[in-house]
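No experiment lies behind these values; they were computed from the predicted model shown.
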Amino acid sequence: MLLAGTMLSCLPAEAQTTPAAGRSPAKASARATASAPVASPVAAAPAVTRTIKTIRVEGSQRLEPETVLSYTKLRTGQAFTNESLDQAIKDLYASDLFADVSIAGAETGDIVLRIRENPVINRVIFEGNKRLKEDKIKKEVKLAPRQIFTRTAVRQDVARIIELYRRQGRFAAVVEPKMVNLDQNRVDVIFEVSEGPKSKVRQINILGNEEFSDNKLREQMATKQARLTTLLSSNTSYDQDRLAYDQQKLRQFYLTEGYADFKVTSAVAELTPDKKDFIITYVVEEGKRYKFGDVTVDSDIRDFDNKKLAASLGINKGDWYNAKKVETAVDSLSEAAGAFGYAFTEVNPDFQRDKDTLTMGINFHIAEAKRSYVERIDINGNTQTQDKIIRREIRLAEGDAFSSFQVKRSQDRINSLGFFQDKFEIKQTQGSSPDRVVLTANVEEKSTGELSLSAGFSSLEKFIIQASIRQRNFRGKGQELRASVNYSTYSKSVELGFTEPYLFDKNIAVGGDIFRRDYNAFNYLGNTRQTTYTQVSTGFQLRAGIPLTEYWQLAGRYGLSYDQVGLDQATYFTNGQCDNLLAGRYLCEAIGNRWTSSVGYSLLYDSLNSRLRPTAGQRFIFSQDFAGLGGDVKYIRTKIEGSKFVNVGSGFIASLNVEGGYIKSLEKSRGAGIDSVRITDRFYLGEPDFRGFDIRGVGPRIQRIPYVTDAAGNQTLVTDRTQIVDDALGGRAYYLGKLELEIPLGAGARELGLRPSIYVQAGALFGITRPLPTATFPTAVDPVTGRTVVQSLNRPVLATNGQPYYVVPATDGNNPSASTTCTVGYSATVGGPCSGTSVNTPLSGQPISPFLERFVGDSPRPRISVGTGVNWNSPFGPLRIDLAYALLKDKGDDSKLVTFNVGTQF
């Protein structure tokens, strides 16, 4: 037995184990391996090799047998082993073309590859996706029609879809794939999506804070807790990147408060069991609070005075340490070096922390550097705008000494063009040598053409229809071409304009406008709006401007217009003449046609960082226009405007705007009680410039207050404002100021284009001649009460030639009760010879009810209003809503609480 065992142990393993009939070679190989004895010092016997006699493929439908065999290394006439058969099966599965693979015939060498092909995808269907559009999902998934279906690819696409939903904060999203078998080995793949609610941040817990409350620290974070007050915020959803950002925000806050040792030791976000919300917990260590120690500047550049630089940093010894001030100081020193031509100056703050005295000394070291010169200016990304349009705004040329101030100014000028995306910057890179700098302007063009066809409603103009086309970068040359048509119940206009900012590539701007404007002045009687006078202006204006310095400009202009001012004849005319009693003396004096030929100039200072939405800088304009270079109107109009914008931090933008004007007539007096400046040439003040007041609601005006008889029979004046005729007369002088603070909102509100603000305004309009009364009504004493009663005014009826009509007495034998222009006798024709001796009485027309005419509002005393408003770039066009309250107003001023405008520029 011992001898037999020894002999058997020397036999090969394959000889000891024979595969059972029908068992696959792969399984037989695995079984043989499992049955092999433990390795011994005797060398392992080689595997049994056989030869492939024939190879057949069974089960192929779409694929040719040769294609199936090409994925394996099996070939007729080659030797094979169980291991090579196993490898062939693995190779076929790795092709992702087959759902099942097996090999038969290994015993005889007649190899049969039995396969079942993976189906072909007919359609990929998504169901239940409402928050994510199908197009967005299709961009992420890899499965597509006419591709081979594999379960691995399905699992990968499920993971991709779930990741898409997690990016949106929907961590409860579930995706269940389903397969519908079709004929010809095709399938439909269906992804059934259960989106679930958006996962919100239910709670933010902060542990370890002692100096600041949880609420104070939460205010510093971008992530907000889901509450009613944050209903419109997009930051209440969980975002892993935002979690890291919030840790940085916490550290920045503590560093600005003097806690130099602060750190966040852990930040954990836990998903609630229902997968609806997250609970975030921060563990912090505040450390001790430090103060500034000695602050010095050590400069290796000999041009700088270290003591003066240190004194200009705004950091004082003994103040609480503030990392923001340190950053600002580094930037200030870098800009100072850049202003002197050192482009790549390194400013390194060296901190000396004293834990015993809790002070932080800082030495700002300015490394040695060479003066830099502009080697090259590269402009990239401009496909429409010509290079020279951008280059002419850059205040440096190739070969100039580098100046960071001029680079910043160039950025502001290019941003002000409005041709490119916001936040444009000029990059600075080292050139061919350390003292050479390359300026690169990577611009991203945006649409500069505007085509608008809109209808809207305005509290000022009621229904509005607008059509306009404007190209601010015509032909890529920076030229502006515009045309517009506006129609409303308040005004109508057609305008064409063109501006060339650089004539013949010289820094001279020229332009011109042609216009036709129809304007209807109006007042209200009750809820009915009554047109008072109409003004139709047709004309043109030519203008030109040149720069005096980098910030100062001088502009000149010439304008010629023909004004036609009239009143509704059916309402305000009697016998073809303007009726003072119906229209008012001041309106009758305004009618007529006249030419206005004017020449003017403007002196402009502009240092705003953007002309579209400035956040810093100031602007000042002094302008005068002289009318009288021919024409019928003569005056000098002077205006002053100024504005200043300041970024006060944290996204708040403060602005101060002031303006004022005065117009002086150069004409002779036009009579007693008639102002020398016509009503159409005066200034007006109110909505929309002065919020809190109605259109033309501030300044001199005439109020017609009717007399009525009360229930007791006493004559009194109407007190209902809606029954008083109120005509604004304008003024020769005005001033207006506005202090406004723009309030920043979250990212979600900014994406909607919402820009709220609060403001206070003050202004006044004044300075015209007091008009003469329109009429004097007769009075009588009531014999019962003894009170004076104002009576109606009986006016004579006038003939076409202006003569009054008279009535022949009823007792006359020839022409009883006949109308005639004769005071004595009778004439059948107007103005004809009179015959007869009858003494006639004047013919009275419709009596005019008595009224009191009151002149009010002509006062330089300031009117003051406060309010809040919001600009919204809505899908319907620009929208402006204001809620303003008049705190201080004068007698006769018309206030207005809410105003809104849709479809007009604001």
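Gln411 places a side-chain N or O within donor-acceptor distance of the main-chain N or O of Ile426, the cut-off being under 3.5 Å. Looking only at distances, a side-chain donor or acceptor of Gln761 sits under 3.5 Å from a matching main-chain atom of Arg691. At least one donor-acceptor pair under 3.5 Å links the side chain of Thr256 to the backbone N or O of Gln252. Checking side-chain atoms of Asn382 against main-chain N and O of Gln384 turns up no donor-acceptor pair under 3.5 Å. A donor-acceptor pair under 3.5 Å is absent between the side-chain atoms of Asp298 and the main chain of His365, judged by distance alone. Without hydrogens or angle criteria, Thr638 side chain to Gln624 main chain gives no donor-acceptor distance under 3.5 Å. Side-chain atoms of Thr868 come within 3.5 Å of backbone atoms of Ser757 as a donor-acceptor pair (strictly under, hydrogens ignored). Listed for the Arg251 side chain is a donor-acceptor partner under 3.5 Å among the backbone atoms of Phe262. At least one donor-acceptor pair closer than 3.5 Å links the side chain of Glu445 to the backbone N or O of Thr383.
The structure places CZ of Arg472 at 9.5 Å from CG of Leu417, a figure rounded to the nearest 0.5 Å. Put simply, CD on Gln220 and CD on Glu257 are 8.0 Å apart, with the number rounded to the nearest 0.5 Å. To the nearest 0.5 Å, atom OH of residue Tyr551 and atom OG of residue Ser607 are 6.5 Å apart. Here CZ of Phe424 is found 13.0 Å from CZ of Phe419. Values are rounded to the nearest 0.5 Å. Separating the CD atom in Glu480 from the CZ atom in Arg470 is a distance of 4.0 Å, to the nearest 0.5 Å. To the nearest 0.5 Å, atoms OG (Ser299) and CG (Asp305) are separated by 10.0 Å.
Between Ile390 and Ile379, the shortest heavy-atom distance links the atoms CD1-CG2, 3.6 Å. Residues Ser372 and Pro434 share a closest heavy-atom pair of OG-O, 4.4 Å. A pairwise comparison of heavy atoms in Gln428 and Val407 identifies NE2-CG1, 3.9 Å as the closest pair. For the residue pair Thr345 and Ala369, the shortest heavy atom distance occurs at OG1-CB, 4.1 Å. Counting all heavy atoms, side chain and backbone alike, Ile414 lies closest to Glu393 at CG1-CB, 3.8 Å. Of all heavy-atom pairs between Ser334 and Val347, the closest is OG-CG2, 3.6 Å.
Counting heavy atoms from C-beta on, the side chains of Glu500 and Ile508 never come closer than 4.5 Å. Using a 4.5 Å heavy-atom cutoff, the side chains of Phe420 and Asn415 are not in contact. The closest side-chain heavy-atom distance from Ile758 to Ile743 is below 4.5 Å. The closest side-chain heavy-atom distance from Phe292 to Asn316 is not below 4.5 Å. In this structure, Arg557 and Ser602 have side chains that are in contact, with non-hydrogen atoms separated by less than 4.5 Å. Using a 4.5 Å heavy-atom cutoff, the side chains of Ile161 and Val141 are in contact. In this structure the side chain of Arg376 never reaches within 4.5 angstrom of the side chain of Val437, judged on heavy atoms. With a 4.5 Å cut-off on side-chain heavy atoms, Glu140 and Ile137 do not count as touching.
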Output, in order, the C-alpha distance, side-chain angles, deciding distance and verdict of side chain to side chain donor-acceptor pair (under 3.5 Å) for Thr296 and Asn306. CA-CA 7 Å; Thr296 57; Asn306 294 337; over 6 Å; no
Under the ring pair (Phe, Tyr, Trp, His ring centres under 6.0 Å) rule, what do Phe402 and Tyr342 come out as? Steps first, then yes or no, please. CA-CA 7 Å; Phe402 174 82; Tyr342 300 96; 9.8 Å; no
So Leu164 and Leu132, side-chain contact (heavy atoms from CB on, under 4.5 Å) or not? Walk me through it. CA-CA 9 Å; Leu164 277 178; Leu132 274 178; 3.8 Å; yes
Step-by-step side-chain contact (heavy atoms from CB on, under 4.5 Å) determination, Ile366 to Leu309: CA-CA 11 Å; Ile366 303 176; Leu309 284 177; 4.1 Å; yes
For Phe351 and Met360, run side-chain contact (heavy atoms from CB on, under 4.5 Å): C-alpha distance rounded to whole Å, both residues' side-chain angles, the deciding distance at 0.1 Å, then the answer. CA-CA 7 Å; Phe351 297 92; Met360 184 76 73; 3.9 Å; yes
Decide yes or no on salt bridge (charged side-chain N to carboxylate O under 4.0 Å, His left out) for Glu368 and Arg302, but give the supporting numbers first. CA-CA 9 Å; Glu368 178 68 34; Arg302 289 176 295 177; over 6 Å; no
Show the numbers, then the answer: is there a side-chain contact (heavy atoms from CB on, under 4.5 Å) between Glu641 and Arg619? CA-CA 8 Å; Glu641 301 175 53; Arg619 180 183 175 92; over 6 Å; no
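Heavy-atom neighbours of Glu219 CD from other residues, nucleotides or ligands within 6.0 Å: above the threshold of 12. By the neighbour-count criterion of 12 heavy atoms within 6.0 Å, atom CZ of Arg131 is sparsely surrounded, having that number or fewer from other residues, nucleotides or ligands. Annotation: Tyr605, atom OH; neighbour count of heavy atoms from other residues, nucleotides and ligands within 6.0 Å is above 12. Atom NZ of Lys427 sits in a sparse spot, with 12 or fewer heavy atoms from other residues, nucleotides or ligands closer than 6.0 Å. With a 6.0 Å radius and a threshold of 12 heavy atoms from other residues, nucleotides or ligands, Tyr245 has its OH atom at or below the threshold.
Side chains of Thr223 and Asp246: a donor-acceptor N/O pair is present below 3.5 angstrom, by distance only. Residues Asp625 and Tyr601 have side chains that never bring a donor and an acceptor to within less than 3.5 angstrom of each other. Under the 3.5 Å distance criterion, with hydrogens and angles disregarded, no donor-acceptor pair is assigned to the side chains of Glu335 and Ser404. Checked by atom type, the side-chain pair Asp412/Ser610 shows no donor-acceptor distance below 3.5 Å. A donor-acceptor contact under 3.5 angstrom links the side chains of Thr385 and Asn473, judged on distance only. With no hydrogens or angles considered, a side-chain donor-acceptor pair links Asp350 and Gln352 at under 3.5 Å. Side chain to side chain, Ser403 and Arg409 fail the donor-acceptor criterion of an N or O pair below 3.5 Å.
A salt bridge links Asp513 and Arg543; the closest N-O separation between the charged side-chain nitrogens and carboxylate oxygens is under 4.0 Å.
In this structure, Arg517 satisfies the cation-pi test against Phe515, with its NZ or CZ atom closer than 6.0 Å to the six-membered ring centre and inside 45 degrees of the ring normal. For the pair Arg392 and Tyr502, the distance from NZ or CZ to the six-membered ring centre is under 6.0 Å and the angle to the ring normal is within 45 degrees.
Under the side-chain hydrogen bond (donor to acceptor under 3.5 Å, both in side chains) criterion, Glu742 pairs with no residue, sequence neighbours left out.
Ring orientation note: the planes of Phe474 and Phe498 are nearly perpendicular, at an angle over 60° on the 30°/60° scale.
Checked against Asp505 for a salt bridge (Lys or Arg N to Asp or Glu O under 4.0 Å), the options Lys477, Lys388, Arg391 give a single hit: Lys388.
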